[in-house]
Amino acid sequence: MNKREIVQAMMDAIQKGDFESTKTMLADDFQFSGSIPDPINKETWLGMSVNLKAAFPDINYHFKVIGTQGDIVRSTTQLSGTHSGSFNLTNINMGIIPATNKTFSSKPEKTKVTVKENKITSWVVEPSDGAGLKAILGQLGVK
């Protein structure tokens with residue numbers, strides 16, 4: 001698979017909630033950053049993704065791969081869903097947020113996903129007003 005296909009396969013696995021497959025596509029030193037206060041590692045990010053799917057079973061990431069340049073695959077995401085389960089954010093020291101049964105739809109975000117030696121090494125979200133964890137929590141009425 002080329003870099004674009006690797007990123008698309010990871011995004012497809014995340015959308016389906018197939019986190020075991022997702023894990024195999026990530027480098028051991030994988031880092032996620034940009035839409036949360038501090039960068040997080042592979043295990044924390046996977047845990048947060050599992051918790052996001054549990055809190056929002058109908059979550060849709062609206063992933064789009066828009067181009068590749070060297071090791072970087074550019075993409076966009078625009079999350080939406082219904083908060084029908086508990087949202088466990090203890091892995092980033094934010095506690096557990098009980099279901100609100102409210103829906104959210106974030107603004108689109110641009111991302112840069114780095115692929116080296118057929119593994120995803122980083123996923124950087126370009127911060128954008130109306131997107132990210134803070135925006136989601138705001139739409140749910142959580143402070």
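Index from 1, following the sequence.
One side chain, Ser122 or Thr114, offers a donor N or O that lies under 3.5 Å from an acceptor on the other. A donor-acceptor contact closer than 3.5 angstrom links the side chains of Thr82 and Asp58.
Distance alone, capped at 3.5 Å, is enough to place a donor-acceptor pair between the Thr24 side chain and the Ser21 backbone. Between the Gln78 side chain and the Ser106 main chain, a donor and an acceptor come within less than 3.5 Å of each other. Arg4 places a side-chain N or O within 3.5 Å of a backbone atom of Val65 that can act as its donor or acceptor partner. A distance-only check finds a donor-acceptor pair linking the side chain of Thr100 to the backbone of Lys102 [under 3.5 Å]. The main-chain N or O of Ile136 is never found under 3.5 Å from a side-chain atom of Gln139 such that the two would form a donor-acceptor pair. Panel note: side chain Thr44, backbone Ile40; no donor-acceptor pair is recorded below 3.5 Å. Using modelled atom types, no side-chain atom of Ser84 and backbone atom of Asn101 make a donor-acceptor pair closer than 3.5 Å. Proximity of a side-chain donor or acceptor of Asn41 to a complementary backbone N or O of Gln31 within less than 3.5 Å is not detected.
When all heavy atoms are compared, the tightest approach of Asp129 to Lys107 is O-CG, 3.5 Å. Residues Asn118 and Met1 come closest through the heavy atom pair OD1-O, 3.9 Å. The two residues Ser80 and His62 make their nearest non-hydrogen contact at OG-NE2, 3.1 Å. When every heavy atom of Ala131 is checked against every heavy atom of Pro108, the shortest pair comes out as CB-O, 4.5 Å. Scanning both residues, Ile59 and Gln15, for their nearest heavy atoms gives O-NE2, 2.8 Å. Taking every heavy atom of both residues into account, Ala135 and Gly130 meet most closely at CB-C, 3.3 Å.
Surrounding NZ of Lys134 are at most 12 heavy atoms belonging to other residues, nucleotides or ligands under 6.0 Å away.
A distance of 9.0 Å separates CG in Leu79 from CZ in Phe56, rounded to the nearest 0.5 Å. The CG atom of Asp12 sits 9.5 Å away from atom CE of Met10, with the distance rounded to the nearest 0.5 Å. Between the OG1 atom in Thr76 and the OH atom in Tyr61 there is a gap of 14.5 Å [rounded to 0.5 Å]. Atom CE in Met11 sits 12.5 Å away from atom CD1 in Ile6 (nearest 0.5 Å). To the nearest 0.5 Å, atom CG of residue Asn93 and atom CG of residue Asp38 are 9.5 Å apart. Between Met94 atom CE and Thr90 atom OG1 the span is 11.5 Å, to the nearest 0.5 Å.
Between Phe87 and His83, the ring planes lie perpendicular to each other; the angle is over 60°, past the 30° to 60° tilted range.
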**OP:** Report the C-alpha distance between Val113 and Ser75 in whole Å, list the side-chain angles of each, state the deciding distance to 0.1 Å, and finish with yes or no for side-chain contact (heavy atoms from CB on, under 4.5 Å).
**Re:** CA-CA 8 Å; Val113 182; Ser75 61; 4.2 Å; yes
**OP:** Please lay out, stage by stage, how Trp45 and Thr22 fare under the test side-chain contact (heavy atoms from CB on, under 4.5 Å).
**Re:** CA-CA 11 Å; Trp45 181 77; Thr22 303; 3.8 Å; yes
**OP:** Evaluate the criterion side-chain contact (heavy atoms from CB on, under 4.5 Å) for residue pair Ile97 and Leu140; output intermediate values, then yes/no.
**Re:** CA-CA 10 Å; Ile97 300 161; Leu140 299 177; 5.7 Å; no
Original post:
After noting the C-alpha distance and the side-chain angles of Thr111 and Val124, does the key distance pass the side-chain contact (heavy atoms from CB on, under 4.5 Å) rule?
Top reply: CA-CA 6 Å; Thr111 64; Val124 178; over 6 Å; no
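For Lys42, the side-chain contact (heavy atoms from CB on, under 4.5 Å) test picks out Lys23, Leu26, Asp28, Phe30, Leu46, with sequence neighbours left out.
Residues Phe19 and Ser49 have side chains in contact (heavy-atom distance under 4.5 Å, counting atoms from C-beta outward).
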